Amino acid sequence: MDGHVGASTSSSRLNGSSGGEQRKQQNNYGSNEQVDGSILDVPNVVIRPARRRARSTDATIGARSEDGPRVPRELNPEELDEEVLKYGAQHVIKLFVPVSLCMLVVVATINSVKFYSTTDVYLLYTPFHELSPDPGVKFWNALANSLILMTVVVIMTILLIVLYKQRCYKIIHSWLILSSFMLLFIFSYLYLEEFLRAYNIPMDYPTTLLILWNFGVAGMMAIHWKGPLILQQGYLIFVAALMALVFIKYLPEWTAWAVLGAISVWDLIAVLTPKGPLRILVETAQERNEQIFPALIYSSTVLYTVLGAKSATTSDRVDVENIENGAEQSPQEAEGQATSSAGSASRTGNTNNVVNDDAAQAAEGMPLVTFKTNGNDAGFTEEWSESRVERVRSRQIEVQASNGQNANRSTHYRTTTTATETPQLEAQERGIKLGLGDFIFYSVLVGKASSYGDWITTIACFVAILIGLCLTLLLLAIWRKALPALPISITFGLLFCFATSAVVQPFMDSLSDKQVFI
Amino acid sequence: MTLPEFFGCAFIAFGTPFAMFVFTIANDSIRIIILIAAAFFWLLSLLASSLLWFALVPIREYLWFGVIFSVLFQESFRYIIYRILRRTEQGLQAVSENPGVIENKHILAYVSGLGFGIISGLFSMVNLLADMSGPGTMGLKGGSDIFLITSATQALAMILLHTFWSVIFFNAFDINNYFHIVYVVVTHLFVSLITLLNANELYIATLLPNYIVLLATAALAFKVAGGSKTSLLRFIKCQ
């Protein structure tokens with residue numbers, strides 16, 4: 001934020017006159033957002049350019065309000081674009097790190113624990129086990145299996161919609177909590193057991209139970225209730241990695257590839273069809289003006305602040321207010337914050353962001369959730385998201401406290417513009433979100449590639465997925481609407497996986513055999 | 001013994017590039033993205049040359065053929081990424097938090113070159129490294145027991161060379177210096193073709209010329225990037 005804030009303020013000064021224009025833009029954006037939200041479902045990369053915009057302006061506001069509150073702060077559209085992109089670069093990295101970590105966990109496990117790279121037990125959803133040596137039969141088996149799995153996904157989505165339409169929140173909540181409970185306890189136990197077995201480490205049951213109990217309870221708390229953000233992120237990554245390992249372990253080989261393809265196609269369909277189930281879900285959520293299960297997603301920032309603000313007012317209204325009032329609204333929104341002017345200014349930024357997020361998020365989060373649920377794996381994320389409301393509430397207090405800190409910090413940085421402090425602030429103020437399902441299927445792809453024991457293929461897949469993610473984010477910045485994160489990345493990943501293992505690897509093998517370097 | 005060998009070779013090949021990455025790239029998100037994009041382009045060039053090698057079944061045995069085409073493909077993809085980076089320079093300027101990225105145009109060249117180098121080094125070394133970690137090792141039953149360490153050394157040379165080549169290459173296209181372009185392509189061909197001798201275990205004959213080329217290329221890249229004797233002296237004396 002260091003550079004940015006400075007830049008944005010200066011630009012705003014320059015363009016002070018074009019304030020009205022910008023406002024209009026923002027309004028438009030807001031309306032766009034809703035559409036986007038509906039489009040965006042499934043495992044999405046949710047960078048909200050909109051949000052970012054709002055944020056950048058917010059940041060400006062904050063700075064401004066210090067000097068003299070409510071000076072018309074404006075950026076012309078181009079500059080806004082730049083802002084968006086600027087934040088984009090950092091956001092991309094903020095996604096790269098967790099995605100890479102998740103893949104790393106999966107690849108390391110696949111390579112060290114043989115249990116996960118052999119399939120001997122099968123899921124209920126894949127009745128065809130591909131035992132025949134005939135590729136034709138295998139092909140049909142894989143096709144049938146993936147069809148069944150996708151059907152399950154679709155049915156679960158519809159079930160979720162029905163439940164949501166009927167306002168059966170308790171059922172959905174318990175569903176989510178149950179699934180995260182299973183992942184954190186049972187699957188973690190399995191993982192621990194196989195890990196210990198692979199390294200031939202003896203461990204008695206009391207110790208195991210103690211470790212598992214602590215791990216699981218901490219995870220449930222971090223995911224559903226409250227806990228440090230980094231802990232929550234860590235648990236989400238681990239849970240995604242576990243789920244990916246489960247897929248790798250229990251899906252027959254060809255089926256795994258077919259499912260990867262089918263899931264990304266489903267992703268596309270859900271985004272493109274106007275009457276897609278996810279879209280309905282989102283629209284309902286918007287009608288009710290609530291964020292449904294906003295959190296089947298990994299978020300690089302604290303969301304709680306947002307929620308708190310949101311609870312105070314409906315998101316739409318807030319948006320408008322923000323736009324209109326700039327700094328003024330902060331007292332309204334930020335409930336119970338009594339702080340210095342600087343503090344309130346900074347908070348305004350936060351709340352604005354938050355609010356915008358909410359609208360977007362409600363839209364986004366939902367679909368994600370749905371999707372996840374479908375994938376059977378979904379439970380954890382959903383739960384997380386769902387419980388968020390409560391969590392948020394409980395956290396509000398915390399947030400308030402941290403806000404105070406923020407305020408201090410922000411004042412500080414304003415005066416000094418030190419590089420070290422700004423990043424922190426940024427991290428808190430704007431976030432990027434990626435569905436946990438994306439984590440899972442990226443990791444499935446890379447893990448599956450590495451299960452053949454060839455590191456070249458693994459690295460090629462990894463690079464291809466990251467580039468796919470980059471392109472998705474770029475498109476996001478260009479089109480300004482939420483996009484599914486799976487199709488591009490998975491297509492690239494699959495292409496490079498097969499091309500590398502079929503064509504490149506023999507070439508590289510013959511080269512490194514003779515120690516020839518190119 | 002296998003584990004020390006693994007770590008030793010890994011650090012020989014990737015220690016320097018890793019340090020370069022940590023100190024010059026890791027702090028700037030836009031550079032990381034460019035690095036990965038460059039790696040992706042290198043992958044594309046490798047894919048193209050492998051496809052060609054794969055399609056021409058009759059001459060698959062002759063590695064020199066594949067090597068020549070691979071080098072040409074790599075250089076053309078280097079040109080493509082040069083075009084892309086120069087075209088998107090304005091955009092990059094907007095995106096990056098650090099205005100220096102565009103201010104000094106060698107930074108982009110350096111970053112993309114390092115991306116090329118790291119991925120090519122990874123591709124040539126990673127399977128060897130996996131084998132190195134055990135249970136067997138080279139040289140017990142035939143074969144040269146310095147196979148792995150020479151591979152690692154050669155990989156380091158290639159990574160650094162790619163970085164320097166990119167700096168020279170980008171600058172050469174900026175100022176239309178065809179001599180430098182030819183230099184890059186020719187030395188790349190030379191370095192790659194001479195490694196064919198490794199098959200006969202003539203390690204001195206390959207490593208020595210390659211490191212001489214590396215030093216010459218480093219000097220040229222240094223000069224191209226605006227360095228001079230005095231600036232080098234100043235750097236050494238920490239002035």
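In what follows, chains are A, B, ... by sequence order, proteins preceding strands, each numbered from 1. Scope of the values below: all heavy atoms of this structure, side chains included, with no hydrogens, waters or symmetry mates. On a predicted model such as this, the values are computed, not experimentally measured, just so you know.
- Remark: B:Leu63 CG to A:Lys514 NZ distance equals 7.0 Å, nearest 0.5 Å.
- In this structure, chain A has heavy atoms under 4.5 Å from both the backbone and the side chain of B:Ala155.
- Ranked by non-hydrogen atom pairs under 4.5 Å with chain A, the options B:Ile194, B:Val191, B:Leu43, B:Leu197 are led by B:Leu43.
- One finds the CG atom of B:Asn127 at 6.0 Å from the CG atom of A:Asp509 (value rounded to the nearest 0.5 Å).
- The side-chain contact (heavy atoms from CB on, under 4.5 Å) check on B:Val186 picks up B:Val182, with sequence neighbours excluded.
- Interface residue B:Phe123: backbone and side-chain heavy atoms are both found under 4.5 Å from chain A.
- Note: B:Phe40 and A:Phe492 have parallel aromatic rings, judged against thresholds of 30 and 60 degrees for the angle between ring planes.
- Summarising the geometry, atom CD1 belonging to A:Ile518 is positioned 11.5 Å from atom CG belonging to B:Leu193; distances are rounded to the nearest 0.5 Å.
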**Message:** With side chain to side chain contact (heavy atoms under 4.5 Å, CB included) as the criterion, how do A:Phe517 and B:Ser120 come out once you've worked through the C-alpha distance, each side chain's angles and the decisive distance to 0.1 Å?
**Reply:** CA-CA 9 Å; A:Phe517 287 78; B:Ser120 87; over 6 Å; no

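- Proximity of B:Trp53 to A:Pro506: side-chain heavy atoms (C-beta onward) are separated by under 4.5 Å at one or more points.
- No side-chain heavy atom of B:Ile36 sits under 4.5 Å from any side-chain heavy atom of A:Cys470.
- The CG atom of A:Leu511 sits 8.0 Å away from atom OG of B:Ser50, with the distance rounded to the nearest 0.5 Å.
- By a heavy-atom distance cut of under 4.5 Å, not one residue of residues 204-217 of chain B is near chain A.
- Both the backbone and the side chain of A:Ile456 come within contact range of chain B, each with at least one heavy atom under 4.5 Å from a heavy atom of that chain.
- Atoms CZ and CG, from A:Phe507 and B:Leu47 in turn, are 11.0 Å apart once rounded to the nearest 0.5 Å.
- Of all residues in residues 67-74 of chain B, those placing a non-hydrogen atom less than 4.5 angstrom from a non-hydrogen atom of chain A are B:Val67, B:Ser70, B:Gln74.
- Checked against salt bridge (Lys or Arg N to Asp or Glu O under 4.0 Å), B:Glu75 has the following partners two or more places apart in sequence or in another chain: B:Arg78.
- Counting all heavy atoms, side chain and backbone alike, B:Ser124 lies closest to A:Ser512 at O-CB, 4.2 Å.
- Separation of atoms CD1 (A:Ile93) and CG (B:Asp28) is listed at 9.0 Å; rounding is to 0.5 Å.
- For B:Ile119 against A:Val463, the heavy-atom pair with the smallest separation is CD1-CG2, 4.1 Å.
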